[in-house]
Amino acid sequence: MAEVLVYVDHVDGAVRKPTLELLTLARRIGEPVAVALGAGAEATAAVLAEHGAVKVLTADAPEFSDYLVVPKVDALQAAYDAVSPAAVLFPSSAENKEIGARLAVRIGSGIITDATDLEAGDEGPVATQAAFAASFTTKSRVSKGVPVITVKPNSAPVEAAPAAGTVEALAVTFGALANGTKVTSRTPRESTGRPELTEAAIVVSGGRGVNGAENFHIIEALADSLGAAVGASRAAVDAGWYPHSNQVGQTGKSVSPQLYIASGISGAIQHRAGMQTSKTIVAINKDAEAPIFDLVDYGVVGDLFAVVPQLTDEIKARKG
């Protein structure tokens, strides 16, 4: 069976959930070979093997943390040359899409970004994507070269599938452009204790109907009762009620959780583009004609200031 390169998204050896989902998808089209770079790369081997990686290629060098993107592209190209894979898969993120695009240019291949599913095809992997602000679903494949595909978080379940997980050192030669953009400082993001927005299984978002930053605690309370991430519409962010890092939409972050709860959000196309691939969508809005109701699985016509606290109390009662 052909091998499939899977880029590992990890922090000091702690593998992030989208990589484990990617291993599930990779097993559909071949044997996963994981590529872990940077500090703690070797520490990822055990969990990667537990989820199906037959081999783990590791490399650590100061370049991976001191410079942006290009050193990682050099490493992925070295892994590509060593393995001759049937496909190269990345968890979708701004940085990973840039790495994938640069790699595709180098190896003369096409790239598919933000896939929501992946399956084997007669002429190579077939990817499912949402197109035109998620109004359509498309299936496509790369017709030239080895497919490079980035996959959105929450697109597949995490499934244990023990494999060898043999660790091999990856020899990387950095090119002349590797030190072109230097990282001068880092500031750790302040932890809220909530899941990362793009990776969360449940997202609770608030919009214009929340009517002020002082009221977002209602949204946060519901999110905390569910162990969810907190999102916001562009209107709420532009009004200064919530940070831009939490914006869901075409000019914010794209999410695809198992459950998305939209409170006080009208459902403009800009917002829908960032959450329409969610598995189950619930909307709470006092306007029965709000566009958001056109795409929901469950809709509640009512004042969020009455509905959301009741929902939060009911969840807490059932849990406790």
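- Hydrophobic clustering places Leu118 together with Val4 (ILVMFWY residues linked when any side-chain heavy atoms are closer than 4.5 Å, directly or through intermediates).
- Residues Thr198 and Val255 share a closest heavy-atom pair of CA-CG1, 4.2 Å.
- Sorted by first then second residue, the ring pair (Phe, Tyr, Trp, His ring centres under 6.0 Å) pairs that include residues 34-59, not counting sequence neighbours, number zero.
- Counting only residues at least two apart or on different chains, the salt bridge (charged side-chain N to carboxylate O under 4.0 Å, His left out) pairs with a member in residues 68-86 are Lys72-Glu95, Asp74-Arg106.
- In the displayed structure, Glu289 atom CD is contacted under 6.0 Å by at most 12 heavy atoms of other residues, nucleotides or ligands.
- When all heavy atoms of Val167 and Ala45 are compared, the closest pair comes out as CG2-CB, 3.4 Å.
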Side-chain donor-acceptor contacts of residues 296-311 below 3.5 Å, not counting sequence neighbours, with atom names and distances?
| from | atom 1 | to | atom 2 | distance (Å) |
| --- | --- | --- | --- | --- |
| Asp297 | OD2 | Ile281 | N | 2.7 |
| Asp303 | OD1 | Phe305 | N | 2.9 |
| Gln310 | NE2 | Ala306 | O | 3.0 |

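- Looking only at distances, no side-chain donor or acceptor of Asp9 sits under 3.5 Å from a matching main-chain atom of Thr19.
- By the salt bridge (charged side-chain N to carboxylate O under 4.0 Å, His left out) test, Glu196 pairs with Arg189, Lys253, sequence neighbours left out.
- For Thr251 and Gln270, the side-chain atoms include at least one donor-acceptor pair closer than 3.5 Å.
- Residues Val56 and Leu25 fall within the same hydrophobic cluster, defined by Ile, Leu, Val, Met, Phe, Trp and Tyr side chains chained together at heavy-atom separations under 4.5 Å.
- When every heavy atom of Val54 is checked against every heavy atom of Ala164, the shortest pair comes out as O-CB, 3.7 Å.
- Taken together through direct or relayed side-chain contacts under 4.5 Å among Ile, Leu, Val, Met, Phe, Trp and Tyr, Leu89 and Tyr80 form parts of separate hydrophobic clusters.
- Closest heavy-atom contact between Val237 and Ala232: CG2-CB, 3.9 Å.
- With hydrogens and angles disregarded, a donor-acceptor distance shorter than 3.5 Å links the side chain of Thr150 to the backbone of Asp114.
- For Asp238, the side-chain contact (heavy atoms from CB on, under 4.5 Å) criterion is met by Arg234, not counting sequence neighbours.
- When all heavy atoms are compared, the tightest approach of Glu21 to Asn154 is OE1-N, 2.7 Å.
- For residues 166-180, the set of pairs meeting the side-chain hydrogen bond (donor to acceptor under 3.5 Å, both in side chains) definition, not counting sequence neighbours, is empty.
- Formation of a donor-acceptor pair under 3.5 Å by the Ser225 side chain with backbone atoms of Thr312 is not found in this model.
- No donor-acceptor pair under 3.5 Å is formed between the side chain of Asp66 and the backbone N or O of Lys182.
- Contacts of Phe216 classified as ring-ring contact (aromatic ring centres under 6.0 Å, His included), with partners at least two apart in sequence or in another chain: Tyr242.
- Between the side chain of Thr24 and the main chain of Pro157, a donor-acceptor pair closer than 3.5 Å is present.
- For Asp224, the side-chain contact (heavy atoms from CB on, under 4.5 Å) criterion is met by Arg194, not counting sequence neighbours.
- Under a 3.5 Å cut-off, the side chain of His271 and the backbone N or O of Val248 do form a donor-acceptor pair.
- Qualifying salt bridge (charged side-chain N to carboxylate O under 4.0 Å, His left out) partners for Glu3, counting only residues two or more places apart in sequence or in other chains: Lys55.
- Cluster annotation: Leu22 is not connected to Tyr7 through the hydrophobic network of ILVMFWY side chains, with a link wherever side-chain heavy atoms come within less than 4.5 Å.
- Listed by chain and number, the residues in a side-chain contact (heavy atoms from CB on, under 4.5 Å) with Lys144 amount to none (sequence neighbours excluded).
- The same ILVMFWY cluster, assembled from side-chain heavy atoms under 4.5 Å apart, contains both Ile29 and Val142.
- Every residue two or more places apart in sequence or in another chain that forms a ring-ring contact (aromatic ring centres under 6.0 Å, His included) with Phe64 is listed here: Phe174.
- The side-chain contact (heavy atoms from CB on, under 4.5 Å) search around Arg186 returns Ser65, Val183, not counting sequence neighbours.
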